4 protein chains.
Amino acid sequence: MSGINKVILVGHLGKDPEVRHLDGGVTVASFPLATSETYNKDGKRIEQTEWHNIVLWRGLAEVASKYLQKGKLVYIEGKLRTRSFEDKERVKKYVTEVVAENFTILGRKSDFEQTPATGENSTPKSETDYIDPTDASGDLPF
Amino acid sequence: MSGINKVILVGHLGKDPEVRHLDGGVTVASFPLATSETYNKDGKRIEQTEWHNIVLWRGLAEVASKYLQKGKLVYIEGKLRTRSFEDKERVKKYVTEVVAENFTILGRKSDFEQTPATGENSTPKSETDYIDPTDASGDLPF
Amino acid sequence: MSGINKVILVGHLGKDPEVRHLDGGVTVASFPLATSETYNKDGKRIEQTEWHNIVLWRGLAEVASKYLQKGKLVYIEGKLRTRSFEDKERVKKYVTEVVAENFTILGRKSDFEQTPATGENSTPKSETDYIDPTDASGDLPF
Amino acid sequence: MSGINKVILVGHLGKDPEVRHLDGGVTVASFPLATSETYNKDGKRIEQTEWHNIVLWRGLAEVASKYLQKGKLVYIEGKLRTRSFEDKERVKKYVTEVVAENFTILGRKSDFEQTPATGENSTPKSETDYIDPTDASGDLPF
DNA sequence: TTTT
DNA sequence: TTTT
């Protein structure tokens, strides 16, 4: 019991999100995300790109389909999940995905037209939870 | 716009959580958390401990007050917040806290009796969101 | 360019690390790690376990083979890497691994006999880099 | 013992890095970093900015002073450290800083002229450590 | 004091 | 298949 399974990525979308509506009305979105790192080898600049399968559910999928497009730079937080499936030849295969729990578009305003977006899964947290009404007082938790 | 402010800690509580109920019924809990790292200096084993002020709000504060006690090992995820206050002599001071967004008790089952606890802020996420009904099928997002 | 690919796991080893020495003397270690999360579904406690393929290189592999055993609770930080290989039937397959960049054994002292271990890749960082010689003075960076 | 103290930030520099050379030749750089989050309150868009004190040592400080300037968007990974000092009136004060362990400039090429930079503390890791010579073969750790 |  |  008691474990942590967390992934943090910053990268560019390789494609527009692909959106599907499952039976029951649940929305799922997915897209490939590229994270690149550059290093030197024998004086040469090598770029190594890793591709990640990003999956988003429900409300987060809706927000993604609205605000994310191919090429955008995003911060994604989520968890790893490996699942099995059968391909067309009924061979069992495995795929590891990053199930997104929230995301934030990075970069300049010009990069994302008018509307910045931050997705957070399920019921959007009332962020006002974090506004401390005692902030300005001398009456502190510490 | 568009930033990330994330803290990840694994450490032991220095004290039991201190719980307060603000006007309006909002619950706040706080406790000090120690994260230690050990390194070698001139062949000697040096332990360096850092203390963090952890603050939890609302539901997360309730869960913490119930399941966390001095000495427990916990994983905490949250964000940094620096706020100012006036001390008793009315001198302006600053304190940086980690506002917890979720936590998980680590360690062995025997460490926390029968009930493992994972807190997550605000409305508890329906974790079943993450169960993919198409898991076993060949009908996949990828 | 410019991406982030980071994985943070806390879980238990499913097996002892398996160590291999490649041609050229490079050491590689690998083991499966389980991260479990517990949630409620219809009032029932459901535990969901995710298995991760952890790979460690060189010095980190050596440290892991020495201090990690089946059942141990560890914190692992690393990055995702998906690579292809051919199985015995020469079918191309993909596997996603977590290439560890450092790890820390968690839990009680009694859990790991006398010697706590923290691995960090390549040349072990001189942690004394972080000791600020001006700490106690009034001569500060800020 | 055995703890984790990790901070992950994405934000903009509020000022150019300030570089100091300590006795003994050690370089320290520091700058304020802003992480902003936007949320809705009563239908109004509220932006909340948090300021962090970033400190970098030695090689990382050198790289930062060269490639980071006011306004740049950066990913920073580091750890929390609270230290005390005496102000001019010899009053003991505390400040919490983020001691950077590595950073990456984010954003478009045009944002950072010609030279992308990634800093990593101390002896730069040979990233080739991570290139698996067995990648293309069927001879795998798993 | 940044950025959108 | 992204980006620089």
Side-chain angles (χ1 to χ4, degrees), chain A residues 9-18 30-40 44-54 64 67-76 98 103-118, chain B residues 1-5 82 94 141-142, chain C residues 1-5 80 82 84 94 141-142, chain D residues 9-18 30-40 44-54 64 67-76 98 103-118:
Chain A
L9 303 173
V10 176
H12 294 90
L13 279 81
K15 294 184 187 173
D16 285 353
E18 190 181 313
S30 62
F31 56 81
L33 186 86
T35 58
S36 309
E37 72 179 304
T38 319
Y39 62 92
N40 283 299
K44 283 202 302 186
R45 180 158 222 80
I46 308 283
E47 181 175 293
Q48 196 166 346
T49 297
E50 190 68 36
W51 287 96
H52 311 272
N53 300 322
I54 311 297
Y67 294 110
L68 298 183
Q69 293 89 32
K70 178 177 173 172
K72 286 273 171 71
L73 180 68
V74 281
Y75 167 94
I76 290 179
V98 173
F103 70 84
T104 302
I105 299 180
L106 299 175
R108 343 189 93 199
K109 197 166 200 165
S110 59
D111 285 354
F112 44 99
E113 308 289 297
Q114 75 265 54
T115 344
T118 293
Chain B
M1 203 248 74
S2 85
I4 301 300
N5 173 358
T82 299
Y94 294 88
F142 288 102
Chain C
M1 204 247 74
S2 85
I4 301 301
N5 173 0
L80 288 170
T82 299
S84 62
Y94 294 87
F142 288 102
Chain D
L9 304 173
V10 175
H12 292 91
L13 279 82
K15 293 185 187 172
D16 285 351
E18 191 180 313
S30 61
F31 56 81
L33 186 87
T35 58
S36 310
E37 74 179 302
T38 320
Y39 61 93
N40 284 298
K44 282 202 303 188
R45 178 157 224 80
I46 308 281
E47 181 175 293
Q48 196 168 344
T49 297
E50 191 67 35
W51 287 96
H52 311 272
N53 300 321
I54 311 297
Y67 294 109
L68 299 183
Q69 294 88 32
K70 178 175 174 174
K72 287 272 171 74
L73 180 67
V74 281
Y75 168 93
I76 290 178
V98 174
F103 69 83
T104 301
I105 300 180
L106 299 174
R108 342 189 95 201
K109 198 167 200 163
S110 60
D111 285 354
F112 44 98
E113 309 289 298
Q114 74 263 56
T115 346
T118 294

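Only a predicted model underlies this, so the values are computations on that prediction, with no experimental measurement involved. Just so we're on the same page: letters track the sequence lines, and every chain starts at 1.
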Report the residue from A/Leu9, A/Leu68, A/Leu33 that forms a side-chain contact (heavy atoms from CB on, under 4.5 Å) with A/Phe103. A/Leu68
Expressed in angstrom and rounded to an integer, what is the separation of A/Phe31 atom CZ from F/dT3 atom P? 14 Å
Gap between atom OH of A/Tyr75 and atom CD1 of A/Ile105 - 0.5 Å precision: 14.5 Å
If I take atom CG in residue D/Leu73 and atom C1' in nucleotide E/dT2, what distance separates them, rounded to the nearest angstrom? 10 Å
A/Thr35 and A/Gly11 have their tightest heavy-atom pair at CG2-CA, 4.3 Å
Rounding to a whole Å, what distance do you find between D/Trp51:CH2 and E/dT2:C1'? 4 Å
Starting from P on F/dT2, measure out to CG on A/Leu33 and report it in whole angstrom. 13 Å
Which is true for D/Thr49 with a 4.0 Å heavy-atom rule: it touches a base, it touches only sugar-phosphate, or it touches nothing? base
Give one of base, sugar-phosphate or nothing for D/Lys15, where a contact means two heavy atoms less than 4.0 Å apart. base
Between E/dT1 atom P and D/Asn53 atom CG, what is the distance in whole Å? 16 Å
Can you tell me how far the CZ atom of A/Phe31 sits from the NE2 atom of A/His52, to the nearest 0.5 Å? 11.0 Å
With sugar-phosphate meaning primed atoms plus P, OP1 and OP2, does A/Gly11 contact a base, only sugar-phosphate, or nothing at under 4.0 Å between heavy atoms? nothing
Options E/dT1, E/dT3, F/dT2, nucleotide nearest the side-chain atoms of A/Ser36: F/dT2
Atom NZ of A/Lys72 to atom C1' of F/dT3: distance rounded to whole Å? 14 Å
CD of D/Glu37 versus P of E/dT2: gap in Å, rounded? 19 Å
Whole-Å distance between F/dT2 P and A/Tyr75 OH? 25 Å
Per atom distances to the D/His12 side chain, the nearest of F/dT1, E/dT3, F/dT3 is E/dT3
